[in-house]
Amino acid sequence: MSQYKNIVLSILLLFVQTCVTASPLEARHQDSGFSTKMSNGNLAFPEYIAQTRATLAKVRSGNGAVDMERAINGNSPFELKPAESCPKGQNKPYRRGILLTHGLTDSPYSMHSLASFFQENCFRVMAILLPGHGTQPGDLLDVTWQDWAEMEAYGTNKLSAEVEEIFLGGYSTGGALSIYQSLIDSRVRGLFLFSPALNVSPKAALANLHKIYSWLIPREKWIDIKPDKDIYKYESFPMNAAAQIYALTQELQDKLDGHPMKIPVFAAASEQDITVSTSATLNFMEKAPNPANRLVLYTTNVNQVAPGRSAEKLERVNSVFPEWRILSAAHTAITLPLEDPHYGIMGEYVNCLHYLSDQPQKYNDCISNPEQAYWGELTDANLKAGNLRRLMANPNFPQLKTSMKKFIDALP
């Protein structure tokens with residue numbers, strides 16, 4: 001019995017020592033207290049935008065955002081209306097509309113360039129902010145994937161009131177939510193998916209085991225604690241976020257099992273993606289029977305075609321650009337053009353976070369020496385090339401727009 005007591009005391013001592021030595025969490029790693037969940041599904045979309053902007057202003061004013069107006073504009077949901085010359089609906093104001101949904105830890109900023117494209121192509125556009133996003137990372141500690149799905153449903157309903165043909169477009173987690181909504185909503189006429197999160201690491205299934213002990217060591221609620229300098233995206237990443245995206249992908253796979261996607265689907269993905277499974281996207285598109293389907297696959301080898309893949313549905317696009325020191329596309333490099341002022345190759349934000357914890361000197365070199373840096377996905381091969389910045393924008397964005405236009409023009 002005394003031996004058992006000694007073991008228990010040793011474990012308790014270890015916990016206490018960890019609590020004492022661990023650097024304290026900051027205010028941004030706590031729940032802000034300002035819920036971003038959809039509290040009233042009866043709100044008109046402009047009212048929802050105004051309410052969300054007010055919430056963002058309250059939270060952002062408390063955490064010292066450098067540029068409040070830019071931060072609020074980039075993190076807020078938004079809407080765009082097509083030109084008056086565009087086709088009208090027979091019974092509703094607009095013929096076509098699209099709901100755009102950002103990715104996990106991201107914000108609607110990542111959807112703005114796509115939104116402009118769809119507006120130019122006569123779509124009514126609405127873009128939502130997923131619960132737990134846009135404020136501070138701690139607001140993801142208790143959010144659920146069902147909260148995200150509820151927001152997706154809200155946006156779809158608001159769009160449905162104005163358009164006759166509903167399309168959903170989503171990046172990463174937003175892509176998964178778009179597919180999920182389409183499987184339970186017969187009003188959806190088509191999908192636009194960008195690096196869709198159809199499958200993530202099985203390790204994410206264990207993410208919420210921290211609840212056994214994180215009440216004592218709050219730091220254990222987090223996979224990554226980063227500076228959070230990006231005003232449009234969280235850099236810190238909680239365990240719960242991983243657990244929720246895993247649960248969403250499992251729910252999605254259950255619904256897709258034996259029920260292939262029959263509506264038209266346009267998808268774009270990177271073959272070098274390290275965040276989500278590109279193979280899962282390829283399999284999803286291969287099983288989807290609609291003849292209008294198209295997949296743009298960014299690759300370092302345009303001549304290599306995997307056996308069994310339908311060449312007529314697959315557009316392989318070169319992702320290597322030596323003139324810009326770009327080694328490959330990345331999960332994060334699909335929805336924005338290379339000239340984007342924030343994430344573009346000459347933008348103000350540089351993603352070198354992969355060096356921060358273990359290689360601080362390399363992190364500083366990556367940030368401060370652009371002439372020595374490469375761009376691409378964080379693959380082992382790319383990391384061996386030298387200082388690597390994770391690519392956040394798409395050098396093939398003009399070609400992506402051309403491919404999407406062809407897809408839209410072929411729709412019935």
Side-chain angles (χ1 to χ4, degrees), residues 28 32 34-39 43-83 97-120 123-140 143 148 151-152 154-155 158-159 169-174 194 227-236 332-351 392-394 397:
R28 71 180 187 275
S32 69
F34 295 96
S35 175
T36 56
K37 296 184 180 183
M38 174 48 60
S39 58
L43 281 178
F45 202 77
E47 293 172 343
Y48 155 66
I49 293 174
Q51 184 184 80
T52 304
R53 289 180 67 89
T55 298
L56 294 177
K58 290 176 184 177
V59 179
R60 293 273 172 168
S61 64
N63 62 19
V66 176
D67 191 331
M68 279 285 294
E69 184 177 0
R70 279 203 310 142
I72 292 172
N73 288 341
N75 285 281
S76 292
F78 64 91
E79 59 180 340
L80 298 174
K81 295 180 180 180
I98 187 165
L99 179 71
L100 295 176
T101 307
H102 62 83
L104 184 57
T105 74
D106 270 310
S107 71
Y109 181 90
S110 62
M111 297 286 102
H112 275 279
S113 294
L114 290 173
S116 296
F117 164 82
F118 285 111
Q119 180 189 38
E120 292 165 3
F123 281 72
R124 171 74 163 102
V125 180
M126 294 180 179
I128 54 175
L129 174 68
L130 293 177
H133 292 76
T135 46
Q136 59 191 38
D139 287 332
L140 286 176
V143 75
W148 301 333
M151 181 60 73
E152 185 79 16
Y154 164 80
K158 294 306 166 185
L159 188 63
Y171 162 63
S172 194
T173 296
F194 307 92
D228 294 305
K229 292 181 179 179
D230 190 351
I231 61 173
Y232 303 130
K233 179 181 174 66
Y234 300 155
E235 295 175 343
S236 296
T332 48
I334 304 292
T335 68
L336 292 168
L338 208 60
E339 63 270 19
D340 182 80
H342 187 68
Y343 291 121
I345 203 163
M346 298 297 291
E348 61 191 356
Y349 179 79
V350 175
N351 189 339
M392 306 289 286
N394 188 351
F397 195 78

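Remember, predicted model here, so these are calculated numbers, not experimental data. Just so you know, residue 1 is the first one in the sequence shown, and it goes up from there.
With rounding to the nearest 0.5 angstrom, the CD1 atom of Ile128 is 10.5 Å from the CG atom of Leu159. Atom CG of Leu130 sits about 7.5 Å away from atom CH2 of Trp148, to the nearest 0.5 Å. The structure places OG1 of Thr332 at 6.5 Å from CG of Asn351, a figure rounded to the nearest 0.5 Å. Separating the CG atom in Leu100 from the CE atom in Met111 is a distance of 6.0 Å, to the nearest 0.5 Å. Taken to the nearest 0.5 Å, the CD1 atom of Ile98 stands 6.0 Å off from the CZ atom of Phe123. Atom OG1 of residue Thr101 and atom CE of residue Met126 lie 12.5 Å apart, to the nearest 0.5 angstrom.
In this structure, the side chain of Gln119 engages the main chain of Lys81 through a donor-acceptor pair within 3.5 Å. In this structure a side-chain-to-backbone donor-acceptor pair under 3.5 Å is missing from Lys158 to Pro46. The main-chain N or O of Gln51 is found under 3.5 Å from a side-chain atom of Thr55 such that the two form a donor-acceptor pair.
Residues that satisfy the salt bridge (charged side-chain N to carboxylate O under 4.0 Å, His left out) test with Glu47, not counting sequence neighbours, are absent from this structure. Residues forming a side chain to side chain donor-acceptor pair (under 3.5 Å) with Tyr234 (at least two apart in sequence, or on another chain): Thr135.
Taking every heavy atom of both residues into account, Leu56 and Ser76 meet most closely at CD1-OG, 3.3 Å. In terms of heavy atoms, Gly103 sits closest to Ser172 at CA-CB, 4.2 Å. Closest of all the heavy-atom pairs between Ala71 and Arg60 is CB-NH1, 3.9 Å. Taking both residues in full, the closest heavy atoms of Ile334 and Phe397 are given as O-CD1, 3.8 Å, listed atom of the first, atom of the second, then distance. A pairwise comparison of heavy atoms in Ile231 and His342 identifies CG1-CE1, 4.3 Å as the closest pair. Scanning both residues, Leu129 and Pro108, for their nearest heavy atoms gives CD1-CD, 3.6 Å.
In this pair, Tyr154 and Phe45 present their aromatic rings parallel. The plane angle is below 30°, not in the 30 to 60° band.
When side chains are defined from C-beta on, Leu336 does not count as touching Met392, because their heavy atoms never get closer than 4.5 Å.
The aromatic ring centroids of Tyr171 and His102 lie 6.0 Å or more from each other.
The side-chain contact (heavy atoms from CB on, under 4.5 Å) test with His133 is passed by exactly one of Asn75, Leu104, Asp106: Leu104. Remark: of the listed residues Phe117, Phe78, Tyr232, Phe78 is the sole one forming a ring pair (Phe, Tyr, Trp, His ring centres under 6.0 Å) with His112.
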Exercise for the section: I would like to know whether Asp340 and Tyr109 meet side chain to side chain donor-acceptor pair (under 3.5 Å); could you show each step before the answer? Expected result: CA-CA 11 Å; Asp340 182 80; Tyr109 181 90; 3.0 Å; yes
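The pair Glu348-Arg70 meets the salt-bridge criterion, with a side-chain N (NZ, NE, NH1 or NH2) lying under 4.0 Å from an Asp/Glu carboxylate O.
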